[in-house]
**Q** 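Sharing a structure here in structure tokens format.
Note on naming: letters A, B, ... go to the chains in the order of the sequence lines (proteins, then strands), and numbering restarts at 1 for each one.
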2 protein chains.
Amino acid sequence: MSRREEAKTFNRARICAAAESIIRSEGMDNLTMRRLAVVAGVSLRTPYNLFGSKTDVLIALLDEAVFKFTQLGSARADGAAMARILRALEQIETFFDSDETYYRGIYAAIMNSDHPEVRSTNVDRAVASAYVLMTHAISNGELRADTDAQSLGRHLAITLLAVLGMWGSGFFSNRESMAQVRRAWLAMMLQHCSETSRPMLAAAYSNPNDIGG
Amino acid sequence: MSRREEAKTFNRARICAAAESIIRSEGMDNLTMRRLAVVAGVSLRTPYNLFGSKTDVLIALLDEAVFKFTQLGSARADGAAMARILRALEQIETFFDSDETYYRGIYAAIMNSDHPEVRSTNVDRAVASAYVLMTHAISNGELRADTDAQSLGRHLAITLLAVLGMWGSGFFSNRESMAQVRRAWLAMMLQHCSETSRPMLAAAYSNPNDIGG
DNA sequence: AATATTATTGACACATGTTATAAAAATACT
DNA sequence: AGTATTTTTATAACATGTGTCAATAATATT
């Protein structure tokens, strides 16, 4: 990496750190571009050069968060697909709980921005992982062989993201959001599961506190 | 109503009409408060006096739309509850199709505004109607007697609104949104349905083009 | 080392939602 | 009719995201 690129990377990091610090100590409302420039020790124009827009700065923060989350998740990518997808939900909830205002803040800010292209990447990411899980579940015999992994995966991913949208707007708690998704997911998976996995899923559906595997 | 109140009502209507006209002929981006004031033939301050904020003006437009929609819906409030709730989805789709850019525009604008209190009323409204339908379905024998109408109704309503949130952001078409909701609703209702209604619901689930009643 | 390229800065400007303030107009009250 | 109250208006202002543009500093190229 050339020294120029190094400097840019360094400045990007400084700006992200400043943004995070402002959000944490002064709240989302006080994250203005002018304040960001001051705290990052940089000119007003620089965040625009390095990121593009305020929303893009927030996206960088979200990406950091997603990265942090996926690192946690991959540590336990074992077990059956149905159990894993439910466990993922719990992990999301725990993750949000660990820093609720911060994550909700950046998520809401991004979703409320009028940069629609953001959401697409978000969705693509989720759809892709759901698809992997579904094919795995099918070859595993957890879902019936005639299941359309593409369509089901997409449906489940969208369910999650749609609820997350409301979560971001502060409409309900981490727990409520995940309960909503869990219930929807279970009902959906019960429509496509094999007889092997049905008992576990049915039990999980009846008991909202059971992880189901 | 006093003449003062009459005048206010009249001005409110004029402002709404102007807003609608601007959105239709110049697009959402050109709906600025200054332009709105000019087109409505009113001072810049007046919309603030009469509505409170730009978002509140848009909410008034949404309310008009909801009113228009409910008038259509109530004309066919007959038949079984399960069929009715599915038919409601179709009606929403048709309604959106009839004026897609307009409805999507105001919905997105409201959702993307940072006035979170808006969403609550929206949700309460939807939860209430879903609850009514669910109790009806239970007493009708379409859903099992042990079904928690409150919880199920709320779940279904949130499912709809969560997807509508993504619809507003332009993420998918009217048809795709409603298909997503329909599928989620059917899977959920299949978890609670009686044996009487199961065949209809199962058939509807398998065939995305079937209204199911 | 001299020159060319690129990144950052600074100062300013613009559009927008929103608020402040005082004057003017409309309405209500007596 | 005359006075008090409420609403609307006009005008200016403010904060914010974002863009422009020239100057300057940092880096790359020769």
Side-chain angles (χ1 to χ4, degrees), chain A residues 1-19 22-23 26-61 105-106 108-118, chain B residues 1-19 22-23 26-61 105-106 108-118:
Chain A
M1 194 163 57
S2 74
R3 280 171 71 178
R4 261 187 183 137
E5 287 308 311
E6 267 178 26
K8 284 210 229 175
T9 307
F10 179 71
N11 271 351
R12 264 189 269 261
R14 263 209 308 179
I15 291 168
C16 281
I22 293 172
I23 297 171
E26 309 171 33
M28 203 71 210
D29 291 348
N30 288 97
L31 180 67
T32 71
M33 292 306 267
R34 285 165 179 82
R35 179 112 189 85
L36 178 59
V38 168
V39 174
V42 100
S43 94
L44 172 59
R45 206 42 236 190
T46 301
Y48 288 101
N49 290 337
L50 296 179
F51 291 92
S53 70
K54 182 179 180 180
T55 301
D56 287 317
V57 174
L58 288 162
I59 290 173
L61 295 187
I106 55 180
I110 291 172
M111 289 302 156
N112 289 354
S113 79
D114 36 2
H115 293 228
E117 71 285 358
V118 182
Chain B
M1 194 162 57
S2 74
R3 279 172 71 179
R4 265 187 181 137
E5 287 308 310
E6 265 177 28
K8 284 210 228 174
T9 308
F10 179 70
N11 272 350
R12 263 189 271 260
R14 260 209 310 179
I15 290 169
C16 281
I22 293 173
I23 297 172
E26 310 171 33
M28 204 70 212
D29 290 349
N30 288 97
L31 180 67
T32 70
M33 292 304 269
R34 286 166 178 83
R35 180 111 188 87
L36 178 58
V38 169
V39 174
V42 102
S43 95
L44 172 58
R45 204 49 235 267
T46 301
Y48 287 101
N49 289 338
L50 295 179
F51 291 91
S53 69
K54 182 179 180 179
T55 301
D56 287 316
V57 175
L58 289 161
I59 289 173
L61 296 187
I106 55 181
I110 292 172
M111 289 303 157
N112 290 353
S113 80
D114 36 2
H115 293 228
E117 71 282 0
V118 183

**Q** Would you please name every residue forming a side-chain contact (heavy atoms from CB on, under 4.5 Å) with S113(A), sequence neighbours left out?
**A** T55(A), H115(A)

**Q** Within the structure provided, determine whether L58(A) and L31(A) are in side-chain contact (heavy-atom separation under 4.5 Å).
**A** yes

**Q** Quick one: salt bridge (Lys or Arg N to Asp or Glu O under 4.0 Å) pairs with a partner in residues 46-58 of chain A, sequence neighbours left out?
**A** none

**Q** If I take atom CD1 in residue I15(B) and atom C1' in nucleotide dT8(D), what distance separates them, rounded to the nearest angstrom?
**A** 11 Å

**Q** For dT5(D), does the base pair up with any side-chain atom of R4(B) as donor and acceptor (N or O, under 3.5 Å, distance only)?
**A** yes

**Q** For A18(B), which residues count as a side-chain contact (heavy atoms from CB on, under 4.5 Å) partner, sequence neighbours excluded?
**A** L36(B), V39(B), A40(B)

**Q** Is there a side chain to side chain contact (heavy atoms under 4.5 Å, CB included) between I110(B) and L61(B) once you walk through the steps?
**A** CA-CA 10 Å; I110(B) 292 172; L61(B) 296 187; over 6 Å; no

**Q** For a 4.0 angstrom threshold against heavy atoms of chain B, report the outermost contacting nucleotides of DNA chain C in 5' to 3' order.
**A** dT16(C) to dA28(C)

**Q** Hey, which sits more toward the 5' end of DNA chain C by its nearest nucleotide, Y48(B) or E5(A)?
**A** E5(A)

**Q** Which residues, if any, of residues 50-61 of chain B bring a heavy atom under 4.0 Å of DNA chain C?
**A** S53(B), K54(B)

**Q** With each end axis built from five pairs of C1' atoms, what bend angle do you get for the helix from dA1(C)-dT30(D) to dT30(C)-dA1(D)? Round to 10°.
**A** 10°

**Q** Listed by chain and number, what are the salt bridge (charged side-chain N to carboxylate O under 4.0 Å, His left out) partners of E5(A), not counting sequence neighbours?
**A** K8(A)

**Q** For Y48(A), enumerate each residue passing the side-chain contact (heavy atoms from CB on, under 4.5 Å) test, keeping only those at least two apart in sequence or located in another chain.
**A** M33(A), L44(A), R45(A)

**Q** Could you identify which residues of residues 28-35 of chain A place a heavy atom less than 4.0 Å from some atom of DNA chain C, listed by residue number, or say none?
**A** R34(A)

**Q** Test side chain to side chain contact (heavy atoms under 4.5 Å, CB included) on L50(A) and V42(A); report intermediate values, then the result.
**A** CA-CA 11 Å; L50(A) 296 179; V42(A) 100; over 6 Å; no

**Q** State, to 0.1 Å, how close S43(A) and P47(A) come at their nearest heavy-atom pair, and which atoms those are.
**A** O-CD, 3.2 Å

**Q** Please list, in numerical order, the residues of residues 37-46 of chain A that have a heavy atom closer than 4.0 Å to any atom of DNA chain C.
**A** V42(A), S43(A), R45(A), T46(A)

**Q** Which residues satisfy the salt bridge (charged side-chain N to carboxylate O under 4.0 Å, His left out) test with R14(B), sequence neighbours excluded?
**A** none

**Q** Suppose we screen for salt bridge (charged side-chain N to carboxylate O under 4.0 Å, His left out). Which residues come up paired with R35(B), at least two apart in sequence or across chains?
**A** E26(B)

